[in-house]
> 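Take a look at this one; I'll ask things after.
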Amino acid sequence: MSAHLFINGKWSAGSGNRRGQILNPANGETIGEVTFAETADLDAALAGAEQGFRNWSRVSAYERANILRRAATLTRERAETVARAVTREQGKPLPEALMEARGAGDHIDWYAEEGRRAYGRVIPARAPGILQMVLPEPVGPVAAFSPWNFPIGQIVRKIAGALAAGCSIIAKAPEETPSSVIELVKCFEEAGVPAGVLNLVFGVPAEISQHLIASTVIRKVSFTGSVPVGRHLGELSARHLKRTTMELGGHAPFIVCDDADPGAVSATGVALKFRNAGQVCAAPTRFLVQDGIFDAFVEAFVAGAGKLKVGDGASEGVQMGPLAHARRLDAMAGFVRDAVEAGGQLRAGGKRIGNEGFFFEPTVLTNVPLSARIMNDEPFGPIAIVNRFSEVDEAIAESNRLPFGLAAFAFSRRVDRTDRLMRGIEAGMVSINHFGLAAPETPFGGIKDSGHGSEGGSEGIQAYLTTKFVSQLNA
Ligand code: NAD
């Protein structure tokens, strides 16, 4: 298969010869190639987005919503095809991919409706005859960069948010996982999104971001990915005075107090940690368990991790697939080696499985010192660290020790404790006694080094709107 660019309403094989290889991470085999955009292609996308914005921003919010809802329906109808492409190129089990593909329809529907509710306001004036109005307007053409861990789930929020607000967008999708994104873009195309409003490119990420962010056409940058790349794109955006939304990495604490049920909570922890082989920015990483139930929790967690069925995500019953890249295998092995050398105990897993595909064992480390690299850097893979604490304030201090502030989880039946945890933890999202993140109607985003701005919720559309103030004296 050959994955192409979508520029100004046309599918294109690009103006150059550069191509990337698409691999199936379950066996390492090459299954296709992806077209890389050259400067001429990016310039065509910019010209398309400029004209597309002029047209689309004049389409009524009502009509934009109708078109988006049609795209949502098409997305749902094709969810199975999209999900198979996600699994083939990214590796996650098919049921997870299906949830992601079906969820895309919900995100599009949410933004379609929010576009119709992008209200302004009228401010009472100081003198008679004056009307003071605050009018939200679309910010302009958007450059969006999204990663491979949720090929559909990440990019759909950017596309739907921008389009619902009346913006055009150039989306740089992940080169590793292009096919499902192409299917998604076709849904928008067939739903009636006009030429130039939605453009899709692949290529060398640094070249594309450099070129697009510097262009005077682009008015807004939205990025999901790692902290170092986010910092780099933030610097580029600052130089060119572009507004940004940054969804960056995390190192989520998962705090379990001694009044919680260790068996039930460890089952939740195993499911959350090893979902998508741990390649989730909001995945729990530091399990902090209170002394009284530490041993019971570790025993149940290790048993749960050991029972997971690891294999090709397309096979029936598989619960954890391969890592998306060969390079993540070395990263995982390095984290484990370093943690053990620092004095941590390896309680499960710790190594690559076989030598075909990019599989790594569900891994559990306990009593890992703060000096270990994994206690400070985001592992972004199937490694859980379980450490103990005595007092709730200690757990809060450990949660807040790192510069990350994306997601956090806490478990307790005592309201005094959950209240302290909810207020004390520095994170953009805190989920208490369950997993409750990432629905279209709730804001998703981080603080501190985990970024700024929200996707989803009524906050999500604000990222694509500017404020125009109009003061009118009736003549
Ligand atoms: P990476 O830092 O090389 O890339 C992360 C993402 O940024 C990729 O999608 C990549 O294509 C893109 N990117 C890289 N350089 C870019 C540039 N100059 N301009 C525009 N885009 C650029 O890391 P990786 O090995 O692909 O992924 C592993 C790390 O990425 C993890 O440690 C994790 O922290 C982070 N990550 C985070 C998320 C998230 O949801 N927040 C998603 C994927 C990856």
Side-chain angles (χ1 to χ4, degrees), residues 20 22-23 25 34 36-37 42 89-92 100 143-158 170-178 181 201-214 218 221-237 239-240 242 244-252 275-283 285 323-332 334-335 358 373-374 376-383 402-407 427-429 437-438 444-456:
I22 311 169
L23 303 183
V34 55
F36 277 15
L42 298 177
E89 297 177 356
Q90 197 267 347
K92 71 183 58 170
E100 182 177 347
F145 305 89
S146 73
W148 44 263
N149 58 336
F150 290 93
I152 292 296
Q154 308 273 17
I155 210 159
V156 73
R157 300 168 192 219
K158 300 182 194 302
I170 303 176
K172 191 210 79 69
E175 290 69 30
E176 299 88 341
T177 55
V181 186
V201 296
F202 304 97
V204 178
E207 278 179 22
I208 297 180
S209 53
Q210 175 96 23
H211 193 73
L212 295 185
I213 295 173
I218 297 299
V221 175
S222 179
F223 173 70
T224 302
S226 63
V227 175
V229 177
R231 191 166 276 130
H232 170 64
L233 297 191
E235 283 167 6
L236 272 180
S237 302
R239 190 176 313 149
H240 299 284
K242 303 295 160 73
T244 54
T245 295
M246 292 283 168
E247 300 280 0
L248 309 179
H251 205 290
R275 180 170 74 110
N276 200 6
Q279 303 164 114
V280 180
C281 52
T285 292
L323 299 176
H325 292 292
R327 66 174 179 270
R328 302 302 305 157
L329 287 172
D330 294 340
M332 292 309 114
F335 275 123
F358 313 142
R373 204 154 50 77
I374 199 164
N376 301 284
D377 296 350
E378 183 182 27
F380 218 66
I383 308 180
L402 295 182
F404 298 104
L406 190 63
M429 299 172 284
L437 308 180
F444 188 99
I447 58 168
K448 298 163 74 178
D449 283 7
S450 293
H452 52 255
S454 296
E455 293 190 307

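When a ligand or atom number is given, it counts from 1 through the structure's own listing order.
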> Is the closest side-chain heavy-atom distance between K172 and S146 below 4.5 Å?
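Contact flag for K172/S146 side chains = no.
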> Select one of side chain, backbone, both or neither to describe which atoms of Q210 lie under 4.0 Å from any atom of ligand 1, heavy atoms only.
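Near ligand 1, Q210 shows nothing, with every heavy atom at 4.0 Å or more.
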> Which residue and non-hydrogen atom of the protein lie closest to atom 39 (C) of ligand 1, and at what distance in Å?
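Sorting protein heavy atoms by distance from atom 39 (C) of ligand 1 puts C281 CB, 3.5 Å first.
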> Less than 3.5 Å between some nitrogen or oxygen of E378 and one of ligand 1, yes or no?
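Looking only at distances, the answer is yes, because the N/O contact criterion of under 3.5 Å is met.
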> Please work out which of V229, D377, L406 has its closest non-hydrogen atom nearest to atom 14 (C) of ligand 1.
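Of the listed residues, V229 has the closest heavy atom.
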> If we ignore hydrogens and angles and just use 3.5 Å, is the side chain of H325 paired with the main-chain N or O of F358 as donor and acceptor?
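Checked: no pair found.
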> What protein heavy atom is closest to atom 18 (N) of ligand 1, reported as residue, atom name and distance in Å?
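Of every protein heavy atom, A206 CA, 3.3 Å lies nearest to atom 18 (N) of ligand 1.
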> For ligand 1, which part of V227 has a heavy atom less than 4.0 Å away: the side chain, the backbone, both, or neither?
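No part of V227 comes within reach of ligand 1.
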> Taking atom 20 (C) of ligand 1 as the point of reference, which of S146, S209, G451 owns the nearest heavy atom?
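Looking at heavy atoms only, S209 sits closest to atom 20 (C) of ligand 1.
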> Are any of the N or O atoms of L233 closer than 3.5 Å to those of ligand 1?
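By distance alone, the answer is no.
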> Considering only the protein, which heavy-atom contact is closest to atom 43 (C) of ligand 1, and what is its distance?
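Going by distance alone, atom 43 (C) of ligand 1 is nearest to P147 CB, 3.3 Å.
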> Which protein heavy atom lies closest to atom 36 (N) of ligand 1, and at what distance to 0.1 Å?
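Going by distance alone, atom 36 (N) of ligand 1 is nearest to F380 CZ, 3.6 Å.
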> Do any nitrogen or oxygen atoms of H325 come within less than 3.5 Å of a nitrogen or oxygen of ligand 1?
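No, no N or O pair falls under 3.5 Å.
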> Taking the side chain as everything from C-beta on, heavy atoms only, tell me whether F444 gets closer than 4.5 Å to C281.
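A side-chain contact under 4.5 Å exists here.
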> If you define the side chain from C-beta out and look only at heavy atoms, does anything of L323 sit under 4.5 Å from Q279?
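Side-chain contact under 4.5 Å: yes.
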> Would you please determine whether F150 falls within less than 4.0 Å of ligand 1 on a heavy-atom basis?
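Contact absent.
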> When you measure from the side chain of K92 to the backbone N and O of N149, does any donor-acceptor pair fall under 3.5 Å?
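Here the side-chain-to-backbone pair exists.
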> At under 4.0 Å between heavy atoms, which part of Q154 makes contact with ligand 1: side chain, backbone, both or neither?
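Side chain only.
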> Quick check: F380 with W148 (ring centres under 6.0 Å apart)?
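Yes, close enough.
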> Given P205, S226, P228, G446, which has its nearest heavy atom closest to atom 22 (C) of ligand 1?
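Going through P205, S226, P228, G446 one by one, P205 has the nearest heavy atom to atom 22 (C) of ligand 1.
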> Check whether any protein heavy atom sits under 4.0 Å from atom 27 (O) of ligand 1.
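It does: a protein heavy atom is found less than 4.0 Å away from atom 27 (O) of ligand 1.
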> Does even one non-hydrogen atom of R327 get within less than 4.0 Å of ligand 1?
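It does, in that a heavy atom of R327 comes within the 4.0 Å cut-off of ligand 1.
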> Please write down residue, atom name and distance for the protein heavy atom closest to atom 12 (C) of ligand 1.
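Sorting protein heavy atoms by distance from atom 12 (C) of ligand 1 puts F223 CE1, 4.2 Å first.
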